[in-house]
S.K.: 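Sending over a structure as structure tokens; questions will come in a sec.
Remember, it's 1-based here, ligands and their atoms both numbered in the order they're listed.
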Amino acid sequence: MPANNSSREVRVRFAPSPTGELHVGNIRTALFDWAYARHTGGKFIFRIEDTDTERVTPEYIQAAINTLKWLGLDWDEGPEVGGPHGPYLQSERLEIYAEWASKFLAQGDAYHCYCSAEELEAVREAQRKANQAPGYNGHCRDLSSQQIDEYKAEGRLPVVRMLMPDGSTTFTDLIRGDVTFEHKFVPDFVLVRHDGSPLYTLAVAVDDVLMKVSHVLRGEDLLSSTPRQLRVYDAMGVDVKDYPLFAHLPFVMGQDNAKLSKRNGETSIAWYRDAGYLPEAICNYLALLGWSPGEDRENVTMKELTELFTVERVHSSPARFDMKKLEAINGDKIRALTLDAFLEWAKPFLINAGTISGTASEIELVKKALPIIQERITTLSEIPALLNFLFVSEFNVESESAEKIADSQSKEVLKISADRLAGLAEWNHESIEGILRQALIVELGLKPRIAFSALRIAVTGSHISPPLFESMELLGAQKSLERIQAAL
Ligand code: GLU
């Protein structure tokens, strides 16, 4: 099959079957689809493939919609926004698939197959024994009208099966080059089940044609379904030059080349959201799974992604999911936030953790505190623990930390600090640092780590905290001194 005419309008679709929450692999596909549409000035179509009514639920459909929205992958046609080729939920297009199936039957491209599940299993079993490729043996291709009547009399309900002619299918994958499938490995396949419901292969191909999809960018796991889809286009009478072009994206493997798994990255986007990852970090990171902006760059904004994304830069070898790299990128994106944006992201984490209730005075204090932690966190979920000390009234030093300041030297540090700080005229981090360095480092000759860790624990309750002097400034003189006294 020749690569087709590249001048037609670019229309790319993301077509998940939401049988669960979208995960890393689905989102990588959605992102590449979106980026390609935006790069080319084409359309991004979002279609829900929900013909498997037992496994797709309304909740999962809504979750898929919310996930794309949260990630900022806006679509031009699809659920909620509509479009000229809708509806965009396959469950609302069942008549369309039924009509095409009837047409294929009438044309002789498809036939009714009456084989029972047991008969099909027996065929497979015989093929296994004879070391043949498994697949339908064409039993019902040429039934006589008498046989058909007998099957009907037995009450058998037929499926609609597509006839796969002898030969092979070759198509040019934009990432892999020419790919050929010998039809002896692509047996006649079912288009419509006994109950009249369409199968994926029918619905996906019909919709890609009717929705005028020009490019199908999707996971490599779907590569082997391509010859069947091309067969459907052919039966629909589509001219070869109007077939969508395919680009099969490389697999995403987990770390150590293990299969992607829950512990290895393949969790829902909701998990990443709740763990404090920014959508822009997720998109940036996922963009690197199979694509590269060139020049060893790793940091791209959404805008740059749309400017730079081309299918030519997608490679065919499997990509490896690396949580550490995602964390690093997330940290970079957090550091790049403006204070106002950072505040908006931080608020729900602080409120959900119960650190603040969200009053104006709390928000004001949070806004002052955020700059001192912005450099140090990799996920938003770290924020509540770091800022908690500013908002607690009942003050509890972590037991592990309390032990660390129980020795006589710590007591001395705390006592001297309390005395000197009490006389401090102006309470800001420079003056606090100045007076404490003089007293503890210069006069007492202590090492900073030892001198300040006791204070850090007394003031923040933990030996891990934002920078000490800034923390004390934010907490204020009165509370800081009360806490040092309480620790003593
Ligand atoms: N609905 C299919 C799936 O989620 C994908 C369809 C396609 O991209 O061709 O596996």
S.K.: Should E382 and R376 count as an ion pair when the cut-off is N to O under 4.0 Å?
M.R.: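 Result for this pair is no, no salt bridge flagged.
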S.K.: Please list all pairs meeting salt bridge (charged side-chain N to carboxylate O under 4.0 Å, His left out) that have one or both residues in residues 348-359, counting only residues at least two apart or in different chains.
M.R.: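 Matches after skipping sequence neighbours: none remain.
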S.K.: My understanding is that only residues two or more places apart in sequence, or in another chain, count here; which of them pass side chain to side chain contact (heavy atoms under 4.5 Å, CB included) with A247?
M.R.: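 Result, side chain to side chain contact (heavy atoms under 4.5 Å, CB included) vs A247: L174, I175, L217, V311.
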S.K.: Between Y277 and Y272, what is the ring plane arrangement, given parallel below 30°, perpendicular above 60°, and tilted in between?
M.R.: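 Ring orientation of Y277 relative to Y272: perpendicular.
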S.K.: Using 4.0 Å as the upper bound for N to carboxylate O, is an ion pair formed by E119 and R156?
M.R.: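 Salt bridge: yes.
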S.K.: Which protein N or O atoms sit under 3.5 Å from any N or O of ligand 1? Give atom names and distances.
M.R.:
from	atom 1	to	atom 2	distance (Å)
ligand 1	1 (N)	A15	O	2.7
ligand 1	1 (N)	S17	OG	2.8
ligand 1	1 (N)	E49	OE1	2.7
ligand 1	4 (O)	S17	N	3.1
ligand 1	4 (O)	S17	OG	3.4
ligand 1	8 (O)	R13	NH1	2.9
ligand 1	9 (O)	R13	NH2	2.7
ligand 1	9 (O)	Y200	OH	3.0
ligand 1	9 (O)	R218	NH1	2.7

S.K.: Suppose the criterion is ring pair (Phe, Tyr, Trp, His ring centres under 6.0 Å): which pairs have a residue in residues 185-229, not counting sequence neighbours?
M.R.: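 Counting only pairs at least two positions apart or across chains, the ring pair (Phe, Tyr, Trp, His ring centres under 6.0 Å) contacts touching residues 185-229 are Y36-H215.
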